[in-house]
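A short write-up of the structure that comes next.
First listed ligand is number 1; within each ligand, the first listed atom is number 1. We count residues from 1, following the sequence as given.
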Amino acid sequence: MNDEQQVDELLTKLIEEKNRVLGYPVAKDFDYSRLYEFFKHPINNVGDPYEDNTYKVQTHEMEREVVDFFAELFRADPTDYWGYVTNGGSESNLYGLYLARESHPKAMVYFSESTHYSVRKNIHLLNMQSITIRAQENGELDYEDLENTLQLNRDKPAIILTTFGTTMTEAKDDVSRVKRIIKKLAIQNHYIHCDAALAGSYGPFIEPRIPFDFQDGADSISISGHKFIGSPFPSGVIIAKRSLRDRIARGISYIGSLDTTITGSRNGHSPLFLWYAIKKMGVKGLEERYRHSLETAEYCKQELIKIGVKAWTNPGSITVVFPKVAKSIKNKWQLATDEATHIICMPNVTKPQIDEFILDLVSEKEAVAGVM
Ligand SMILES: *Cc1c(COP(=O)(O)O)cnc(C)c1O
């Protein structure tokens, strides 16, 4: 096989596999061909998107508009927000925890068992003290355990990492409830970072509303750009209070900007891609995507129940959770699995795909029954 063939083969394989991703939260219904010309240029968003930079082959203006869009969606104080486009939700979480630590260096971090693995690693990288809180059966934070644990550590500032859409069951921690617990215990120094990697992009449309944003009590919020919105490469956004970011701003003369971001060189294409997507969709389009996903999830759940599979969803969630399936099906449909498994009904997932998956499950069951 020569190099050309190898490239062709890879492409064919990716296209084939792409249509069978039911287990991972990546939207695949995007078309960025209008932006093709931009691949000919060395775009680099090094530095703070809000500061003057000497490197001009950048997309900072679009990046700021992306931040504006999500800040508004998350009801940030219009006079006190800041953010940037990251490499993904994990970097956004790292940034949120970094801001939290700079504000409260001696704090204890509290996060639940169902928290994304990036959080543990980030806490380790930042050398912070932490306590794991129990999760309820649906994957949501156990508020009672949080309250009791906070009570025992009342002398320490508290950083609480909430998740808005956990990885396995898409459970959503109630930020207002966490805030009330902090108030009740009169913990003066506190910080709430909300990891909304998947569900943040449609959080405002969930009915009844589940509190997660700045007005509900969050100090910073992270999302992934390649999940609900969709992008050919991973990206993320961190939105935080500007007053917090100002504490860590340090001038760097080499780039003539402030070194406020985690990495130096930063992807300059992803802010442009995200900008393009949100301009095309608008808030209305995002909401329609969510309604469509929700409907597909309901369909998927009902079809599973019909064939005797114990499927369930968290309120407002597009993730359908059910018991583990045979390995062949898990591999074919790329289902992430721990004690249970799930289908995430991203906007590109269709009813015919669900039907095909259900048929696979039925044939598998029949085959197993036939053997016995
Ligand atoms: C996907 C995800 C992350 C990590 O985001 P990446 O963009 O993959 O880095 C963090 N938290 C949650 C809840 C996620 O679902």
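With hydrogens left out, the protein atom closest to atom 14 (C) of ligand 1 is Lys227 NZ, 2.9 Å, a heavy atom. Looking only at heavy atoms of the protein, atom 6 (P) of ligand 1 is closest to Gly89 N, 3.3 Å. Protein heavy atom in closest approach to atom 11 (N) of ligand 1: Asp195 OD2, 2.6 Å.
No side-chain heavy atom of Asp48 sits less than 4.5 Å from a side-chain heavy atom of Thr261.
With a 4.0 Å heavy-atom cut-off, ligand 1 is reached by no atom of Asn87. The side chain of His226, and not its backbone, has at least one atom closer than 4.0 Å to an atom of ligand 1 (non-hydrogen atoms only; side chain from C-beta on). With a heavy-atom cut-off of 4.0 Å, Ala197 touches ligand 1 through its side chain alone.
Taking the centre of each ring, Tyr84 and Tyr50 stay at or above the 6.0 Å mark. Side-chain rings of Phe74 and Phe212 approach one another, their centers coming within less than 6.0 Å. Ring-centre distance between Tyr143 and Tyr110: not below the 6.0 Å cut-off.
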Using the rule given for salt bridge (charged side-chain N to carboxylate O under 4.0 Å, His left out), can you reason through Asp338 versus Lys324, listing the C-alpha separation, both sets of side-chain angles and the distance that settles it, and then say yes or no? CA-CA 8 Å; Asp338 58 15; Lys324 274 195 265 208; over 6 Å; no
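Relative to the ring axis of Tyr276, Arg34 does not place its NZ or CZ within 45° and under 6.0 Å from the centre.
Within the structure, the closest approach of Gly165 to ligand 1 falls below 4.0 Å when heavy atoms are considered.
Among Arg134, Gln136, Glu113, the one residue that satisfies the side-chain contact (heavy atoms from CB on, under 4.5 Å) test with Asp145 is Arg134. With Val109 as the partner, the side-chain contact (heavy atoms from CB on, under 4.5 Å) test is satisfied by one option alone out of Ile123, Ile131, Asn122: Ile123.
For the pair Ser224 and ligand 1, the shortest N or O to N or O distance falls below 3.5 Å. For Thr166, no nitrogen or oxygen atom sits less than 3.5 Å from a nitrogen or oxygen atom of ligand 1, counting backbone and side chain alike.
For ligand 1, the atoms sitting less than 4.0 Å from at least one non-hydrogen atom of His116 are 2 (C), 3 (C), 4 (C), 10 (C), 11 (N), 12 (C), 14 (C), numbered in the order shown with element in parentheses. Annotation for ligand 1: atoms under 4.0 Å from non-hydrogen atoms of Gly88 are 7 (O), 9 (O).
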